Amino acid sequence: MEKVKNIAVLTSGGDAPGMNAAIRAVVRACSYYEVECFGVYKGYEGLIHNEMEKLNARSVRNIINKGGTFLKSARSNDFRTEEGRKKAHDNLIKNSIDALIVIGGDGSFTGALKLSEEFNFPVVGIPGTIDNDINGTDYTIGYDTALNTVVEAIDKIRDTASSHNRLFLIEVMGRDAGDIALNAGIGAGAEEILIPEEDMGIDRLIESLRKSKKTGKTSSIIVVAEGDKSGKNIFELGEYVEENLEDYEVRVSVLGHIQRGGAPSCYDRVLASKLGVGAVETLLEGKSQVMIGIVHKQVTIVPLTTALGKRTHKHDRLIKVADITSV
Ligand code: ATP
C-alpha cells in the first residue's frame with residue numbers, strides 16, 4: 001500500500017453523541033501527522049454525490065461538546081448496490097483520496113468492507129452507535145451518553161409512578177442488544193428488564209410483579225428493549241399486563257429519539273478522541289479493513305470481519321445482579 005496522504009472521514013447510519021468528537025480527533029490527527037483530511041457530508045450518500053470538503057484543525061473547533069454529527073449522517077440505499085459503490089469510489093479517486101474512515105455501526109462497516117474489497121481501497125471503521133452492539137469493542141461511541149439519558153428519564157418517570165401506584169413499561173433502544181436496557185435498568189432501579197438476548201416469558205413477568213406487590217411495592221418500573229422476546233409490542237404488552245395484574249394502573253412510555261441526543265458524556269468524548277486518533281495512525285501504518293475499538297481500556301485493532309461477527313459478550317452476571325437487586 002502506498003503512503004496515505006489524503007484521508008476522508010464520514011459518519012453513517014444512526015447518529016450518536018460523540019460522533020463530532022471523533023471527527024474532530026480524526027481531523028486534528030491528520031493535521032498533526034501532516035496529511036490532508038476531507039469531510040464527507042451525509043455518509044455514503046454524500047460520497048456518491050461528491051459532497052465533501054477539505055477540513056483543517058480550525059474547522060472542528062467548538063464541536064467536541066455537541067451531540068449529533070456536523071457532517072450529517074444518512075442511510076443510503078444506492079450504496080448497497082455495486083453501481084452506487086463504484087460512483088463513491090470514482091469520487092474518492094477524483095479527489096485524490098487514498099483512505100476512508102467510517103464512523104458508524106455494523107451496516108456502515110459492511111458497506112465499508114465491500115467498498116474496500118471491490119476496489120482495493122483502504123478503510124478503517126470507528127464504532128459509533130448508541131446500541132453498543134459491535135463485536136470486538138467493549139464500548140461504542142454514544143452508548144455511555146445514551147445510558148445516562150435513559151437513567152435520567154427513568155428517574156423522572158419513577159417520581160410520577162410512585163405518586164400514583166402506577167406500573168410503567170418504558171421502551172428503550174436496542175433491537176438486537178440489551179446493553180442499554182440492562183445497564184440503565186439496573187442504574188435506575190427497575191423491577192424487571194426485558195432484553196432481546198433472553199426470553200423470560202410473559203407469565204413469569206406477571207408472577208414476579210405479583211410477588212413484588214405482595215412484598216409491599218406500590219409502583220414498578222419495567223424497562224423493555226425494542227427487540228425484547230415477548231412477541232408483543234410495548235402497547236400490547238402494557239394491555240396484557242393490565243389485564244392480568246390486579247391493582248396496578250399500567251402506563252407505557254417510549255423514550256424514542258431523545259436517547260440519541262444531547263451533549264456527549266466525558267467518557268464518550270475521551271473514547272471518541274482515542275479512537276479517532278487511533279484510526280488515523282492505523283491508516284498511516286498501512287493497515288486496512290480493520291476497526292479501532294477499546295478492550296479492557298486499551299485501544300485495539302480488530303479485523304472488520306471480526307467486528308461484524310456475532311458478539312461473544314455475555315450478560316449473565318448483569319442479569320443476576322438485576323435479579324438480586326430488584327427483590
Ligand atoms: P446503527 O447501528 O446506528 O443503525 P448502522 O451503521 O448499522 O448504524 P445502517 O443503516 O444499517 O446503520 O447502515 C448504514 C448505511 O451503510 C446504509 O444506509 C448503507 O448505505 C450502508 N450499508 C448497510 N448495509 C450494507 C450492505 N450490506 N452493503 C452495502 N452497504 C451497506
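All of these numbers come straight from a predicted model, not from anything done at the bench. Note that ligands are numbered from 1 as they come in the structure, with each ligand's atoms numbered from 1 the same way.
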* pair Arg85-Phe79: side-chain heavy atoms closer than 4.5 Å -> yes
* Below 4.0 angstrom, N of the basic side chain to O of the carboxylate: do Arg210 and Glu246 qualify? -> yes
* Asked: Does ligand 1 have an atom under 4.0 Å from some heavy atom of Glu45?
  -> no
* Name the closest protein heavy atom to atom 12 (O) of ligand 1, giving the residue it belongs to and the distance to 0.1 Å. => Arg75 NH1, 3.1 Å
* Starting from atom 15 (C) of ligand 1, find the nearest protein heavy-atom neighbour and note its residue, name and distance. => Ser12 OG, 3.6 Å
* To do: Please write down residue, atom name and distance for the protein heavy atom closest to atom 24 (N) of ligand 1.
  => Arg80 NH1, 3.3 Å
* Verify, without hydrogens or angle tests, whether Asn132 (side chain) and Tyr143 (backbone) share a donor-acceptor contact under 3.5 angstrom. => no
* Return yes if some donor-acceptor pair links the side-chain N/O of Asn95 with the main-chain N/O of Ile97 below 3.5 Å, else return no. => no
* Asked: Looking at side-chain heavy atoms only, is the closest gap between Tyr41 and His49 below 4.5 Å?
  -> no
* Asked: Between Gly14, Ser76, Gly142, which one has a non-hydrogen atom sitting closest to atom 17 (C) of ligand 1?
  -> Ser76
* Asked: Are Lys211 and Glu207 within salt-bridge range, i.e. N to O under 4.0 Å?
  -> no
* Taking only heavy atoms of Arg85, which atoms of ligand 1 are found under 4.0 Å from at least one of them? -> 29 (C)
* Asked: Any N/O of Ser108 closer than 3.5 Å to an N/O of ligand 1?
  -> yes
* Gly13 to ligand 1: N or O pair under 3.5 Å? -> no
* **Min N/O separation Gly128 to ligand 1 under 3.5 Å** => no
* Heavy atom of the protein closest to atom 26 (C) of ligand 1 (residue, atom name, distance) -> Thr110 CG2, 3.7 Å
* Structure fact -> Ranked by distance from atom 28 (N) of ligand 1, the top protein heavy atom is Lys114 NZ, 3.3 Å
* Asked: Tell me: protein heavy atom nearest atom 30 (N) of ligand 1, and distance?
  -> Gly111 CA, 3.4 Å
* Do Leu55 and Phe70 come within less than 4.5 Å of each other through their side chains, counting heavy atoms only? -> yes
* **Backbone of Ser208 reached by a side-chain donor or acceptor of Ser212 within 3.5 Å** => yes
* **Any donor-acceptor N/O pair, Asn135 side chain to Leu308 backbone, under 3.5 Å** => no
* Asked: Would a 4.5 Å heavy-atom cut-off, applied to side chains only, mark Glu34 and Lys5 as touching?
  -> no
* Structure fact -> Among non-hydrogen protein atoms, atom 11 (O) of ligand 1 lies closest to Gly107 CA, 3.5 Å
* To do: Could you tell me whether Asp316 and Lys320 have a side-chain N and a carboxylate O separated by less than 4.0 Å?
  => no
* **Within reach of ligand 1, part of Tyr44 (heavy-atom separation under 4.0 Å)** => side chain
* Asked: Asp133 to ligand 1: N or O pair under 3.5 Å?
  -> no
* Using distance alone, decide if ligand 1 has a nitrogen or oxygen within less than 3.5 Å of any nitrogen or oxygen in Arg260. => no
* Structure fact -> Numbered in order shown, the ligand 1 atoms found under 4.0 Å of a heavy atom of Thr129 are 2 (O), 3 (O)
* Asked: Which atoms of ligand 1 sit under 4.0 Å from any heavy atom of Phe79?
  -> 20 (O), 29 (C), 30 (N)
